[in-house]
Amino acid sequence: MGELLGVAVLGAGHMGADHVRRLDRVVSGARVAAVADPDAARAKAAVAGVEGASVHTGAEAALDAPGVEAVLIASPGPAHEEALLAAFARGLPVLCEKPMVPDSAGALRVLEAEARLGRRLVQVGFMRRYDAEYRRLKALLEDGRLGQPLMLHCTHRNVSSPPGFTSAMLIDSSVSHEIDAARWLLGQELTAVTVLRPRPSSGAPRGLVDPQFVVFETAGGALVDVEVFVNSGFGYQVRCEVVCEAGSARIGDDHGMLVTARGSAAADVPQDYLVRFADAYDREVQAWVDATRRGRVTGPTAWDGYAASVVAEAGVRALEDGTRVAVDLAPRPALYG
C-alpha cells in the first residue's frame with residue numbers, strides 16, 4: 001500500500017462530494033484516486049482542484065483505475081449491492097454509506113458473500129457511532145452505573161423533505177440511523193416494530209405521512225421510541241435519552257452559540273446532517289483510513305447493515321399495515337461474532 005491510501009469515491013452527489021472534500025482536505029493518510037458518477041459533469045465538479053483524481057461514469061471503471069486501494073460508496077442505495085460485490089471481487093476494503101443495501105434480500109446476499117470470503121471488507125457508514133455525544137452515552141451504558149436500560153427515547157427532525165420523499169422513507173432512510181444507534185447503544189437486537197400515525201403536519205407535502213411515531217421492542221425487553229418529523233420547518237435536530245433503572249442520560253440538546261440582544265435570545269439550529277454530524281463524519285472516515293492502512297476493518301459490520309435493512313423493512317410493513325410486525329433475522333455468520 002502506498003504512502004497515501006488511494007480511494008475511489010462512488011457517487012458525486014451531496015454526500016459523495018462532501019466525502020471527496022473530506023478525503024482531500026480533512027483526513028490524513030488518504031487521497032482521492034478516482035470518482036465515479038453517471039453524471040460526468042457532476043463527477044468533474046466534485047474533483048475540481050483535486051490533484052490526480054480520475055473521473056468515470058461507471059463504478060467498475062473507477063475501481064480499476066490506477067492507484068485505487070479502497071472504496072468509499074456514496075451512491076444511491078439501490079446501486080450499493082453491485083458496487084459492494086465488485087469491490088469484493090477485487091479484494092478492496094469498503095466504507096459504504098447507509099443503507100448498506102436497502103432491501104433485506106440484497107443485504108443478505110452481500111452479508112453471505114463477505115462471509116464466504118472469510119474476512120471483513122465492509123465498514124457501514126453509521127456515523128453516529130463516531131459522534132462525541134453518542135460515544136459518551138455508549139461509555140456510560142457500558143459502565144453500568146445507571147443499571148439496566150429500560151427505555152430509549154429518540155427524536156429525529158429535518159427542516160424539510162426533498163422531492164420524491166415517501167412515507168416509507170421516513171423509516172428506511174431517516175429512522176435507519178436510530179435503528180443502528182439503538183442496537184449499538186443497548187447491545188440488543190430489535191425484535192418487533194409498531195408505527196403510529198399522528199395527524200399529518202400541514203407543512204408536509206400532500207400524501208406524506210409526517211410525522212410518525214415508531215416503537216421498537218428489543219431482545220432484552222427494553223423499548224425504543226422514535227419521533228421522526230422530516231418537515232419540521234425550523235432545523236435539523238437529533239436527540240436521544242436513555243432511561244435506566246438508576247438514572248437517565250440525554251444527548252442532542254442544542255449547545256451552539258446563543259446570541260442575546262435587544263431583549264431576546266436566539267440560538268443557531270443546524271439545518272442539515274452535514275452540519276450537525278460534521279465531526280462524526282470526519283472521525284468515521286479518519287478511523288476507516290487508519291484501519292485500512294493497517295490492513296484492518298473496524299466499525300459497523302455488514303451484519304449491522306443487514307440487521308438495519310431487515311428492521312427497516314419490518315417498520316415499513318408496520319406503517320402500511322397498521323400492525324405490530326416481528327423482525328426475522330437470518331442466522332448470524334460466525335465472521336461477525
Side-chain angles (χ1 to χ4, degrees), residues 1-2 4-13 15-16 19-20 23 30-40 43 46-47 52-126 284-285 287-310 330-337:
M1 186 171 292
L4 297 178
L5 179 71
V7 180
V9 179
L10 307 186
M15 188 79 262
H19 278 314
V20 169
L23 286 164
R31 68 180 185 89
V32 180
V35 172
D37 194 283
D39 184 335
V47 298
S54 59
V55 173
H56 310 268
T57 55
E60 295 206 22
L63 300 186
D64 292 331
V68 170
E69 301 166 290
V71 189
L72 196 159
I73 299 177
S75 51
H80 288 186
E81 180 180 358
E82 183 177 356
L84 284 162
L85 296 179
F88 291 174
R90 293 162 174 77
L92 294 172
V94 185
L95 173 58
C96 181
E97 278 296 342
K98 70 88 188 170
M100 183 181 76
V101 180
D103 65 286
S104 63
L108 182 60
R109 287 191 291 270
V110 168
L111 180 78
E112 292 174 340
E114 188 182 51
R116 285 194 296 271
L117 293 174
R119 62 189 179 103
R120 284 190 57 193
L121 285 176
V122 179
Q123 175 180 322
V124 181
F126 289 118
E284 173 192 52
V285 177
W288 174 66
V289 168
D290 291 345
T292 300
R293 295 182 73 203
R294 297 194 304 268
R296 300 180 57 206
V297 179
T298 59
T301 67
W303 174 262
D304 296 315
Y306 162 73
S309 294
V310 174
R332 184 168 180 151
L335 177 63
Y336 308 104

Do the non-hydrogen side-chain atoms of L335 and W303 ever get within less than 4.5 Å of each other?
no
Residues passing the side-chain hydrogen bond (donor to acceptor under 3.5 Å, both in side chains) test with R90, sequence neighbours excluded, are E60, D64
Spacing of L111 atom CG and R116 atom CZ [to the nearest 0.5 Å]
10.0 Å
Euclidean distance, L95 CG relative to L72 CG, rounded to 0.5 Å:
4.5 Å
Under 3.5 Å: donor-acceptor pair, side chain of H80, backbone of P99:
yes
Which heavy atom of A36 sits nearest a heavy atom of G58, and at what distance?
CB-O, 3.6 Å
Residues 301-310 vs salt bridge (charged side-chain N to carboxylate O under 4.0 Å, His left out), sequence neighbours excluded, gives R129-D304, R183-D304
Closest heavy-atom pair, L4 versus A30, reported as atoms and distance to 0.1 Å, is CD2-N, 3.9 Å
Which residue pairs satisfy the salt bridge (charged side-chain N to carboxylate O under 4.0 Å, His left out) criterion with at least one member in residues 72-83, sequence neighbours excluded?
E81-R109
Could you tell me which non-hydrogen atom of P300 sits nearest to which non-hydrogen atom of R120, and how far apart they are?
O-NH2, 3.4 Å
By side-chain hydrogen bond (donor to acceptor under 3.5 Å, both in side chains), D290 pairs with (sequence neighbours left out) Q286
Search all heavy atoms of A87 against all heavy atoms of V94 and return the closest pair with its distance.
CB-CG2, 3.5 Å
Residues V20 and V47: closest non-hydrogen pair is CG1-CG1, 4.3 Å
Residues that A107 engages under side-chain contact (heavy atoms from CB on, under 4.5 Å), provided they are two or more places apart
M100, V101, Y306, S309
Of all heavy-atom pairs linking T298 and A291, the shortest is OG1-CB, 3.8 Å
Expected output: side-chain Q123 to main-chain V297 donor-acceptor under 3.5 Å
no
Kindly write out the residues that satisfy side-chain hydrogen bond (donor to acceptor under 3.5 Å, both in side chains) with E284, not counting sequence neighbours, or none if the list is empty.
none
So, taking the atom named CG in L5 and the one named CZ in R31, what distance separates them when rounded to the nearest 0.5 Å?
9.0 Å
Could you tell me whether the side chain of E114 and the main chain of V122 form a donor-acceptor pair under 3.5 Å?
yes
Heavy atoms from other residues, nucleotides or ligands near CZ of R332 exceed 12 (cutoff 6.0 Å)
yes
